[in-house]
Novice: 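Take this structure, written in structure tokens, and hold onto it; I'll ask about it next.
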Amino acid sequence: MKSTRHAKILEIIHQNDIETQEELSDYLRKEGFQVTQATVSRDIRELKLTKVAGERGRQKYASLSEVGSDMTEKYVRVFKEGFRSMDTAQNLLVVKTVSGMAMAVAAALDHMQCDEIVGSIAGDDTIMCAVRTTEDAGRLMLRLRRFIDEP
């Protein structure tokens, strides 16, 4: 449950300008998570979220990787925990995820520096990634498989 909530938090802050813990709590409740202020505070600390300048001088939460750090373990963890299977169809990579996790896994892929991916579309449990070439799709699939297979 915690990893699912963490993935949802990353998705929420990636898609919205969240300024306060209360705002984040409201979004999580709308998504069906029963959270307290203490839980949200602990999640923010564990995910190492930070406040950055948003539009019109407002502050918003962002993950450290969004503000310039390299790929972190949390994105690999989100990818691994949400992943179910993947396959290629020429230059398309299709990733199946746990129900409700596709957007979070797609956000993780965005931050995992998969330069082969031109763009992706996520539904509820499926991600379709447009990859530059058929060869790149095969190489990317092998690279992602290594993340899944590592302990």
Novice: How close do M141 and M86 get, heavy atom to heavy atom, and via which atoms?
Specialist: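 Here M141 and M86 meet closest at O-CE, 3.3 Å.
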Novice: Excluding sequence neighbours, so at least two apart, what forms side chain to side chain donor-acceptor pair (under 3.5 Å) with T134?
Specialist: none
Novice: Please evaluate residues R84 and V98 with respect to the criterion side chain to side chain contact (heavy atoms under 4.5 Å, CB included), reporting the C-alpha separation (whole Å), side-chain torsions for both, the decisive distance (0.1 Å), and the verdict.
Specialist: CA-CA 6 Å; R84 285 291 172 241; V98 173; 3.2 Å; yes
Novice: Walk me through whether D149 and R145 qualify under side chain to side chain contact (heavy atoms under 4.5 Å, CB included).
Specialist: CA-CA 6 Å; D149 293 340; R145 176 67 58 201; 3.4 Å; yes
Novice: Please find the pair of heavy atoms, one from I18 and one from T20, that lie closest to each other, and give the distance.
Specialist: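 That closest heavy-atom pairing would be CG2-O, 3.5 Å.
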Novice: Can you list the steps and then say if L93 with S120 is a side chain to side chain contact (heavy atoms under 4.5 Å, CB included)?
Specialist: CA-CA 9 Å; L93 176 68; S120 59; over 6 Å; no
Novice: Should L144 and V94 be regarded as members of a common hydrophobic cluster, given that ILVMFWY residues are connected when their side-chain heavy atoms come within less than 4.5 Å of each other, either directly or indirectly?
Specialist: no
Novice: When you compare the side chain of R132 with that of V118, does any pair of heavy atoms fall below 4.5 Å?
Specialist: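 Counting from C-beta outward, V118 and R132 do come under 4.5 Å.
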Novice: Are the side chains of V40 and I9 in contact, using a 4.5 Å heavy-atom criterion?
Specialist: no
Novice: Going by salt bridge (charged side-chain N to carboxylate O under 4.0 Å, His left out), name the residues that satisfy it together with E135, two or more places apart in sequence or in a different chain.
Specialist: none
Novice: With side chains defined as the heavy atoms from C-beta onward, is the minimum distance between E11 and E31 less than 4.5 Å?
Specialist: no
Novice: Before you tell me yes or no, could you show the steps for E23 and R58 under salt bridge (charged side-chain N to carboxylate O under 4.0 Å, His left out), namely the whole-Å CA-CA distance, both residues' side-chain angles and the distance that decides it to 0.1 Å?
Specialist: CA-CA 13 Å; E23 258 184 282; R58 291 187 59 192; 3.7 Å; yes
Novice: Give the intermediate values and the outcome of side chain to side chain contact (heavy atoms under 4.5 Å, CB included) for residues E81 and H6.
Specialist: CA-CA 11 Å; E81 290 179 6; H6 281 189; over 6 Å; no
Novice: Would you say that more than 12 heavy atoms from the other residues, nucleotides or ligands in this model lie under 6.0 Å from the CD of E22, or not?
Specialist: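 No, not enclosed.
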Novice: Which heavy atom in R5 sits nearest to a heavy atom in D43, and how many Å separate them?
Specialist: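 Nearest pair, atom of R5 first, then D43: NE-OD2, 2.5 Å.
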Novice: Roughly how far apart are Q15 CD and L10 CG, rounded to 0.5 Å?
Specialist: 11.0 Å
Novice: How many angstroms lie between atom CE of M101 and atom OG of S3, to the nearest 0.5 angstrom?
Specialist: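 Answer rounded to 0.5 Å: 6.5 Å.
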Novice: Between S63 and Y75, what is the shortest heavy-atom contact and its length?
Specialist: OG-OH, 2.6 Å
Novice: Transitively linked via ILVMFWY side-chain contacts under 4.5 Å: L109 with L92?
Specialist: no
Novice: Can you tell me how far apart CG (D110) and CE (M103) are? Round to the nearest 0.5 Å.
Specialist: 10.5 Å
Novice: Please determine whether the number of non-hydrogen atoms from other residues, nucleotides or ligands lying under 6.0 Å from atom CD1 of I121 exceeds 12.
Specialist: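 Atom CD1 in I121 is not crowded, with 12 or fewer foreign heavy atoms closer than 6.0 Å.
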Novice: Quick check: is V105 connected to L47 through a chain of hydrophobic side chains (ILVMFWY, heavy atoms under 4.5 Å apart)?
Specialist: yes
Novice: Between S41 (side chain only) and Q37 (backbone N and O only), is there a donor and an acceptor less than 3.5 Å apart?
Specialist: no
Novice: Donor-acceptor pairs under 3.5 Å, side chain of residues 124-131 to any protein atom, not counting sequence neighbours: which ones?
Specialist:
{"unit_1": "D124", "atom_1": "OD1", "unit_2": "G100", "atom_2": "N", "d": "3.2"}
{"unit_1": "D124", "atom_1": "OD2", "unit_2": "S99", "atom_2": "OG", "d": "2.9"}
{"unit_1": "T126", "atom_1": "OG1", "unit_2": "K96", "atom_2": "NZ", "d": "3.1"}

Novice: Under 4.5 Å between side-chain heavy atoms, hopping through other hydrophobics if needed: is there a path connecting V35 to I13?
Specialist: yes
Novice: Check side chain to side chain donor-acceptor pair (under 3.5 Å) between R139 and all other residues, then give those that pass, not counting sequence neighbours.
Specialist: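 Only D136 meet the side chain to side chain donor-acceptor pair (under 3.5 Å) criterion with R139.
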Novice: Salt bridge (charged side-chain N to carboxylate O under 4.0 Å, His left out) with E116: which residues, sequence neighbours excluded?
Specialist: R143
Novice: With rounding to the nearest 0.5 angstrom, report the CG to OG1 distance, L140 to T133.
Specialist: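 The OG1 atom of T133 is 10.0 Å from CG of L140, to the nearest 0.5 Å.
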Novice: Can you list every pair that meets ring-ring contact (aromatic ring centres under 6.0 Å, His included) and has a residue in residues 83-105, with sequence neighbours left out?
Specialist: F79-F83
Novice: Would a 4.5 Å heavy-atom cut-off, applied to side chains only, mark T4 and K8 as touching?
Specialist: no
Novice: Looking only at heavy atoms, what is the nearest atom pair of A108 and V78, with distance?
Specialist: CB-CG1, 4.1 Å
Novice: What is the distance from atom OH of Y61 to atom CG of L24, rounded to the nearest 0.5 Å?
Specialist: 7.5 Å
Novice: Find the distance between CD1 (I117) and CG (N91) and round it off to the nearest 0.5 Å.
Specialist: 12.0 Å
